[in-house]
Structures are given as C-alpha cells and as structure tokens.
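Quick note: numbers below take in every heavy atom, side chains included, and nothing from hydrogens, waters or symmetry partners.
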Amino acid sequence: MAPLLVLRREAFEYGLLPATQLFPRLDSIDNIKNLKGELIKASTSSPCPSFPDRKLINASTLGIILGVNDSLAHVLVDTLISLKPHDNYDCLAAEDDLVDVYVVLMFLFMQTCHKPNSQSQRRDVGDVWPSADTPQEAPLSPKKGQSAALFSPTNRGKDSSDQDSSQLAYVAKQVPTLLSLLKEKDDHSPNISAVRFDRLALLLAPALPGSIGDTAPLSTVLPLFNAGAGGSAAVSAVQDWLSRNIGTGLPPLSIEAPRTSLSTASSTAASANKPDKPGSSSRQLQFGGNTGSQTGEAASWAAGRQSSNLHWTIEGVKKNTLVQRESDLGSMSDVKVSDCQDTVLYLLAPMKYCSISRCIDCTIVVGAVGLQLKIEMCERVQVIAASAQLRIHSCRDCTFCLAINRPPYILGDCRNLQMAPYNTFYDQLEAHLTTVGMSISPNRWDSPISLTRSPTSSIDGSASNPAHTHISEDHSSGKAVVSLLAPDQYMPFVVPFGPVGGGGEQQGG
C-alpha cells in the first residue's frame, strides 16, 4: 500500500546542520529529551488560531539553554524559519525570531539523523580541501581524480536513495520518541491532541499533494483524530498508524519530462559576461535526452512534486549557457543545480529553495529565493542571487554578489570566498521578489558569519569560537576564509535577455 505521509524533502535537504560540531548538547536523543523541560520552562505562551497551545522562545534564550553563543543560536532559528511548510504554519514568528518550543524539539530531533555513524567517523569526501601537508589518501578537490568518480551522477543518485532510506528507517524507529517530545512532561494521558500532532508538519507531508489542501493541518490525514482542533487520539494508535503509513515517498524525482527543445542563449549573449573558450558554443538542450554535441553532455532533468511544489534538478551541464525562466520552472519551486562545469546558468524565476553543489568554473544568476539558498562543494564559481537566507558549505575561490536579508552563513572547510552587493537586474526581478515575499532591504551581504572552526576552536563565545568574528582566517594557510570584494573589482553584470517575446536585450547592472 502506498504511504499516506512522506518525509519532507525540503526539511532534510535544507535543514540539516553539522549539529554534533556546532551544538554539543544535540549529540543524542536523550539530551534532547532532557532539554525539553528547560525549553518549556523558558518559553512564553502566545496562542494563535492554528496553535492555541503555542509556546514561544527567542533565539537568545535558546542559545543559553543549548550552551552556544548568540550567533549560533540565530543560525539554528534562521534555518528553522526557512523550513516553514506553509503560510498557515503559525508555530513560527519570524519577525521577532520567536519559535514554538515543540517545533524546536522536532528540529533538534531531525539533527540527530545527521549524526556520523560509528563505522565512519571521518568527514565526508570533499568536506576538507587539500593542503601542502595533506596525505595522499586525503579527500581531493571536486575537480580532481578520486572525488570526480565519487561525485558521478550515478553514484550520487544511489547515495541519495540510500540516505532517504536511512532517514526513513531512523524516523520510523523513533516514532515513539517523536510523540513523547510532543507531550507535556507531566501529561500522563494516553492521548495526544491533533493540535500537538500538527507540529510534525515540519518533518512530514501528505504523500499526495493537494489531497488535504496545501495549508490544512497534518492531522486531517489521520482518521484517528476527531474533527476540529480539539480532537485527540490514543498515542499507541497514532504510533501504530505512523509505523504503517510513512514512506520516503519523495514523489518521483526521475519522471522523464516531455522531449521539448529548450533554446539556450546565443553565442553573442553568452560572451557578454564570459569569455569564449575552445570548443564552446551555444546549442539546443533537450529534456530527458542524451544529445551528444561538441559542447559537452546534455543536462539531465528530473521533476517531482511534494507539498504542491515542483522539484527540478539541473545536472551535468558543461560548456554551455542555459536560461530557465518562470515559464520553465514554475513559481515557488525547489531547484537543485549540480555537477555543472564552465557554464553560465540563469535561473530567472521565483523559488522557495535553491541548492547549488559540485559546480566548477560557472557563473550562476539566481532570480529570487524566498526561504533558503544553499551552495556547497563549489570551486571558482560566481553566484549572483537575491535570497532571504544563504548557507555556504565547503566552497573554494568563489564570489557571491548578494541581496540577502540575513547574514550569509559559512560552514565546513571554505577557502578564499568574496562577498559583494547584488549587481544585476532582469525584467521580472521585482515581480519575483514580490512573489517570494522578499525585500532587498536590509541587505546583509557584508556581514558574513563564518562557522568554520580550527582544530582547537570551542563553542563557548570566546575569541576562538568559530562564530564569534565575521571575517575569519583559515588557520592552515593564513588567508581569509571570507572577505569583502575590493571596490575596484566590483562591476555590474548584464543579463542579456529581454522579456519573453519582447525582443532586444535586457541590460542589467
């Protein structure tokens, strides 16, 4: 039988942090259970129509309880806010950095899914860049030898599937723990309320998008709960139902899309911002095709649907220029770009989420991202983006031109990153910003927070704390992990396309 609930892809894709490194009190389920009483005691009641028992806590108080400084606490809260499943999920009050205690507990539980297992305590391949004294068996740069094979689409797809299965198995095993976290400490009733159960919408979603409405409470999927907000059901019955009805379900991300040709930019437009290279010219790309050409392999496309949002993958584009507009990607999609090389990519659309990984020598223009942009394992990439949040993980020699409402967060082993203000424009930009609910002010591009850590760094708010300073230094090389782009190097970037069917070139800058 098909599952009725699935793990939320967005939560696990964009919500997992290196919690065991950054948040030492999150290293086990037992510690989270012990934190529950402290969080509830420090919270304040703030009822709302959807959650009449809402208990809110702010970032500073949360940081004190977790034993971390204010910067790290805001990383946690900002990440949690970016995972909001829909507009009626009133457990979050982003304007005051307030979050519901029970949703915090669900988020903290999720971090334990990311805990390194006992068989592999080393960092993942690519989490550390090589240095002069790095042994030969150390992980290599994404563009070199061993890691090139590890990052192949086939291997990565298998790893992703294995990870989904592992996360599902973990969540299914911990269903009793999840339900116990949602109950009051002194609540000995055998029942759980529908309102409290609805907090699980952070982690779970209906398997069939639109089956209960995009903003309906999660409890309406379960026949066990009585109608209305005051309904309740036996914990044992809910536990049994969940164990039989949760799946990875990620509505199929490998569906072959129609074989329609997609025109890339002209070679003239491509050369406006990127110099020509031997063997490089524009061509037609096809959805779902393997059209061989001198310019490299065709992009691999996959689309799926979850919580009424489209999920697009753009993969393996090499030596090309690719333009994707709102008419191609839809509105408020989740777009994933990976393994592109020597390419100019324009994502001129309003998106909920966007991730860019394992790209080399690329320029990527990201239209407007309403919740979170994540960039990881990239080298010599320029990203121009408007986003509510940005998380950068293990990147090297990259430049980011940003319109961003929160400080950019830098994690993992990053080297030589440069920050600059947003430097382009395209015809639908203002409309896309409105669609995602984002303003270009305040722009925090110049306030990056580096969470990279040296071997001796600690999480105590002292000068060695990785989040204590904004512009930090790589201790192995003495170079800055992140710096601000020099004014004399700052230049406008031209998006050389006008509106669809409008004719002429769109000048940006």
Side-chain angles (χ1 to χ4, degrees), residues 11 14-29 31-46 54-84 89 91-115 181 199 202 371-372 374 387-393 404-412 442 444 447-454 457-472 481-482:
Y14 296 94
L16 292 180
L17 297 167
T20 53
Q21 298 177 32
L22 300 178
F23 306 98
R25 293 196 66 181
L26 305 186
D27 60 351
S28 71
I29 289 288
N31 280 355
I32 294 175
K33 290 178 180 179
N34 294 333
L35 286 170
K36 176 182 171 181
E38 297 179 54
L39 293 171
I40 292 175
K41 185 177 179 180
S43 67
T44 57
S45 295
S46 179
R54 186 172 67 166
K55 298 181 183 297
L56 297 178
I57 190 169
N58 62 38
S60 297
T61 304
L62 181 60
I64 293 171
I65 293 173
L66 295 180
V68 300
N69 66 26
D70 202 54
S71 293
L72 284 170
H74 276 89
V75 171
L76 191 151
V77 170
D78 286 350
T79 303
L80 177 52
I81 288 171
S82 76
L83 303 181
K84 186 175 183 177
Y89 192 71
C91 293
L92 310 173
E95 67 278 2
D96 297 317
D97 283 340
L98 295 170
V99 287
D100 181 81
V101 164
Y102 295 102
V103 179
V104 170
L105 290 168
M106 296 299 96
F107 181 75
L108 299 184
F109 164 83
M110 187 174 71
Q111 304 309 313
T112 64
C113 297
H114 199 44
K115 183 179 177 182
L181 289 174
R199 264 69 166 197
L202 185 75
L371 293 177
Q372 188 188 130
K374 182 179 73 171
S387 178
Q389 291 188 35
L390 170 64
R391 204 165 84 203
I392 303 169
H393 189 285
I404 185 169
N405 297 149
R406 303 267 179 169
Y409 296 128
I410 299 170
L411 302 95
R444 305 292 301 277
S447 305
I449 295 178
S450 176
L451 304 176
T452 58
R453 50 191 298 146
S454 68
S457 62
S458 60
I459 311 292
D460 61 1
S462 65
S464 62
N465 188 332
H468 191 69
T469 57
H470 284 198
I471 306 300
S472 63
V481 170
V482 56

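Note that CG of L72 and CZ of F23 are 5.0 Å apart. Values are rounded to the nearest 0.5 Å. Here the CD1 atom belonging to I392 is positioned 12.0 Å from the OH atom belonging to Y409, to the nearest 0.5 angstrom. In this structure, OG on S71 lies 10.5 Å from CG on D78, to the nearest 0.5 angstrom. Here NZ of K33 is found 12.0 Å from CG of L105. Values are rounded to the nearest 0.5 Å. Once rounded to the nearest 0.5 Å, the distance linking CG of L62 with CG of D70 reads 10.0 Å. Distance check, rounded to the nearest 0.5 Å: CG of L26 to CD1 of I32 gives 5.5 Å.
At distances below 3.5 Å, at least one donor-acceptor pair connects side-chain atoms of Q372 with backbone N or O atoms of Y14. Here the side chain of Q389 pairs no donor or acceptor atom with the backbone of K374 at under 3.5 angstrom. N405 places a side-chain N or O within 3.5 Å of a backbone atom of P442 that can act as its donor or acceptor partner.
The two residues I81 and R406 have their closest heavy-atom pair at CD1-NH2, 4.4 Å. When all heavy atoms are compared, the tightest approach of K84 to L371 is O-CD1, 4.3 Å. Between I404 and A388, the closest heavy-atom pair is CG1-O, 3.8 Å. When every heavy atom of A73 is checked against every heavy atom of A59, the shortest pair comes out as CB-O, 3.2 Å. Counting all heavy atoms, side chain and backbone alike, I57 lies closest to I65 at CD1-CD1, 4.0 Å. Of all non-hydrogen atoms in P407 and R444, the two that sit nearest each other are CG-NH2, 3.5 Å.
The side-chain heavy atoms of T44 and L98, taken from C-beta on, include no pair separated by under 4.5 Å. Proximity of T79 to R391: side-chain heavy atoms (C-beta onward) are separated by under 4.5 Å at one or more points. In this structure, the side chains of L411 and P18 come closer than 4.5 Å at one or more pairs of heavy atoms. Looking at heavy atoms from C-beta onward, V75 lies out of side-chain contact with V68 at the 4.5 angstrom threshold. Contact check for L66 versus L76: side-chain heavy atoms found under the 4.5 Å cut-off. Two residues are said to be in side-chain contact when any heavy atoms from C-beta on lie closer than 4.5 Å; N31 and L108 fail this criterion. Using a 4.5 Å heavy-atom cutoff, the side chains of I29 and F109 are in contact. The side-chain heavy atoms of L17 and F107, taken from C-beta on, include a pair separated by under 4.5 Å.
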Show, in sequence, the C-alpha distance, side-chain angles and deciding distance for I449 and H74, and conclude whether the side-chain contact (heavy atoms from CB on, under 4.5 Å) test is met. CA-CA 11 Å; I449 295 178; H74 276 89; over 6 Å; no
Applying side-chain contact (heavy atoms from CB on, under 4.5 Å) to I40 and Y102, what does each step give before you reach the verdict? CA-CA 9 Å; I40 292 175; Y102 295 102; 3.6 Å; yes
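Under the side chain to side chain donor-acceptor pair (under 3.5 Å) criterion, R199 pairs with D53, D100, not counting sequence neighbours.
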